[in-house]
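Note that the coordinates shown come from a computational prediction; the quantities given were computed from them, not determined experimentally. Order of listing sets the numbers, starting from 1, for every ligand and every atom in it.
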Amino acid sequence: MKICIAYESKFGNGKKCMEYLQSMLAEGGHEVDLFSVREKAPSALPGAELYIFSAPTQVGNVAGKMKKFLKKAVIPQENSKYALITTCMDPPKSKSLETMGEILDQKGITKAADGLMIKVNGMKGPCDEAYQDQLKAFAKDVISSRA
Ligand SMILES: Cc1cc2nc3c(=O)[nH]c(=O)nc-3n(C[C@H](O)[C@H](O)[C@H](O)COP(=O)(O)O)c2cc1C
């Protein structure tokens, strides 16, 4: 399956998580395009069956760079799905997954699986030790939703 992972990451924790997710999905035989939303215009999203968007929670909600990117994003392929990830210090209070989902739901793309919150221990990280297991379970979920 062709998968596109677009991330925002201020201190590198989300980036590290997405690189791990990419390597895991690639090992499973999927073609994975990974990039930062700082590197690509939202109108230039590559075609994919599945889009994974990952961003930090800042001030209770999704980081501004990702919010802007999603609002302007052009989904080039019909029948594609999305899945969402946020890194945050206080998962129960984060509205990031909700906000990203609301923006995407208006773009004719449907949710592949429940979103994932990865806890970071402090503003600059590191990620909680459970992050690799969380990402393995997440990868399984999103792949089975498209099988
Ligand atoms: C300006 C700012 C505000 C933040 N506000 C919150 C917050 O309200 N809730 C929270 O859980 N984490 C908050 N954080 C912590 C970020 O979620 C954390 O820095 C991020 O998940 C780390 O991922 P990254 O290294 O990929 O940027 C904030 C971080 C910054 C820089």
Would you say [X]'s side chain and [Y]'s backbone share a donor-acceptor pair under 3.5 angstrom?
X	Y	result
Gln77	Ala48	yes
Lys111	Lys81	no
Asp128	Ile118	no
Lys2	His30	no
Ser94	Pro91	no
Thr86	Thr57	yes

Are any of the N/O atoms in Glu8 less than 3.5 Å from those in ligand 1? no
Looking only at distance, does Gly122 have an N or O less than 3.5 Å from an N or O of ligand 1?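 No.
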Could a heavy atom of Gly12 be found less than 4.0 Å from some atom of ligand 1?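 Yes; Gly12 lies near enough to ligand 1 that a heavy-atom distance drops under 4.0 Å.
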Protein contact to [atom] [nearest heavy atom, distance to 0.1 Å]:
atom	result
atom 5 (N) of ligand 1	Val59 N, 2.8 Å
atom 26 (O) of ligand 1	Ser9 OG, 2.5 Å
atom 23 (O) of ligand 1	Thr87 OG1, 3.2 Å
atom 8 (O) of ligand 1	Gly60 N, 2.7 Å
atom 14 (N) of ligand 1	Thr57 O, 3.2 Å

Nearest heavy atom to atom 10 (C) of ligand 1: which of Lys10, Met89, Lys119 does it belong to? Met89
Heavy-atom distance to atom 28 (C) of ligand 1: which of Lys16, Met123, Met18 wins? Met123
Take atom 3 (C) of ligand 1 and look for protein heavy atoms under 4.0 Å from it; say yes if you find one, no if not.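 There is a protein heavy atom less than 4.0 Å from atom 3 (C) of ligand 1.
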Numbered atoms of ligand 1 (with element) below 4.0 Å of Gly14, judged on heavy atoms: 24 (P), 26 (O)
Output the list of atoms in ligand 1 that are nearer than 4.0 Å to some heavy atom of Phe11, sorted by atom number. 19 (O), 24 (P), 25 (O), 27 (O), 31 (C)
Inter-residue atom distance Met89.CE - Gln58.CD, 0.5 Å rounding: 10.0 Å
What's the spacing between Ile103 CD1 and Phe53 CZ if we round to 0.5 Å? 10.0 Å
Taking the side chain as C-beta and beyond, is there a heavy-atom pair between Glu49 and Ser80 under 4.5 Å? no
